[in-house]
Amino acid sequence: MTSAGGLVEARNCRPVDSLLSGPAGGVVGAAMVGRRTGAGRVIGFDMGGTSTDVARFDGDFEYVFEHRVGPVRLLSPALAIETVAAGGGSICRADQASWWWGPRARAPIRARRRMEPAAR
């Protein structure tokens, strides 16, 4: 799957075209569920462990042709998805005058088994 939500054969797939294929799959899936249930408009909300993706579908997909992944500017078609760097396993903390957030995965594996998910 590409960042634009389409399928391509492996031999025709370029890495730059699939950087956001996971979030694009979520948007395509939400749109298909909406169509099958008769909802003409859908808001997709996909919370993972470290980020949350939000997109809307109003009967047709919305695309962007220039976007950023971290500090890198990409000129490649992708579905319009807004991503927030906070997910179910992320915790927001304040340290004096600064805010910082991120996954709890910095803890050793043994400790992670005892941790409760932050989203509960």
Side-chain angles (χ1 to χ4, degrees):
M1 178 169 275
T2 68
S3 300
L7 298 177
V8 295
E9 292 184 18
R11 70 175 183 256
N12 296 325
C13 186
R14 301 178 313 157
V16 69
D17 294 329
S18 63
L19 285 174
L20 300 172
S21 61
V27 175
V28 172
M32 295 305 297
V33 169
R35 284 180 176 160
R36 288 187 180 182
T37 60
R41 297 183 299 182
V42 175
I43 294 177
F45 184 89
D46 181 2
M47 180 181 279
T50 58
S51 66
T52 301
D53 301 313
V54 180
R56 67 183 180 91
F57 176 79
D58 61 0
D60 203 1
F61 293 108
E62 184 178 346
Y63 297 93
V64 295
F65 297 93
E66 178 181 338
H67 54 281
R68 292 193 174 276
V69 176
V72 178
R73 180 175 158 239
L74 299 172
L75 300 173
S76 179
L79 291 176
I81 301 168
E82 295 296 326
T83 300
V84 178
S90 298
I91 292 188
C92 209
R93 290 181 256 198
D95 183 8
Q96 295 178 4
S98 299
W99 284 92
W100 50 283
W101 57 90
R104 292 168 59 161
R106 295 181 193 163
I109 291 173
R110 291 183 306 278
R112 275 190 260 152
R113 288 188 192 130
R114 294 188 301 269
M115 293 180 180
E116 289 292 321
R120 284 189 189 175

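S3 and L19 get closest at one heavy-atom pair: OG-N, 3.4 Å. Closest approach of A78 and H67 over heavy atoms only: CB-CE1, 3.6 Å. In terms of heavy atoms, A24 sits closest to I81 at N-CD1, 3.8 Å. Minimum interatomic distance between A30 and G44 (heavy atoms only, all atoms of both residues): CB-CA, 4.4 Å. Across all their heavy atoms, C13 and V8 have their closest contact at CB-CG2, 3.7 Å.
Test T2, D53, V28 against L79 for side chain to side chain contact (heavy atoms under 4.5 Å, CB included) and you get one pass: V28. Applying side chain to side chain contact (heavy atoms under 4.5 Å, CB included) to F57 and the options R41, M32, R35 leaves one that passes, R35. Of the candidates L74, L75, V72, V16 forms a side chain to side chain contact (heavy atoms under 4.5 Å, CB included) with just one, namely L74.
One hydrophobic cluster, built from ILVMFWY side chains closer than 4.5 Å, holds both Y63 and V27. The cluster map of Ile, Leu, Val, Met, Phe, Trp and Tyr, joined by side-chain heavy atoms under 4.5 Å apart, puts F61 and V42 in the same cluster.
The shortest distance between side-chain heavy atoms of E9 and N12 falls below 4.5 Å.
Summarising the geometry, atom CD belonging to E66 is positioned 11.5 Å from atom OG belonging to S76; distances are rounded to the nearest 0.5 Å.
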(Q) side chain to side chain contact (heavy atoms under 4.5 Å, CB included) for D46 and V54? Distances and angles first, verdict last. (A) CA-CA 6 Å; D46 181 2; V54 180; over 6 Å; no
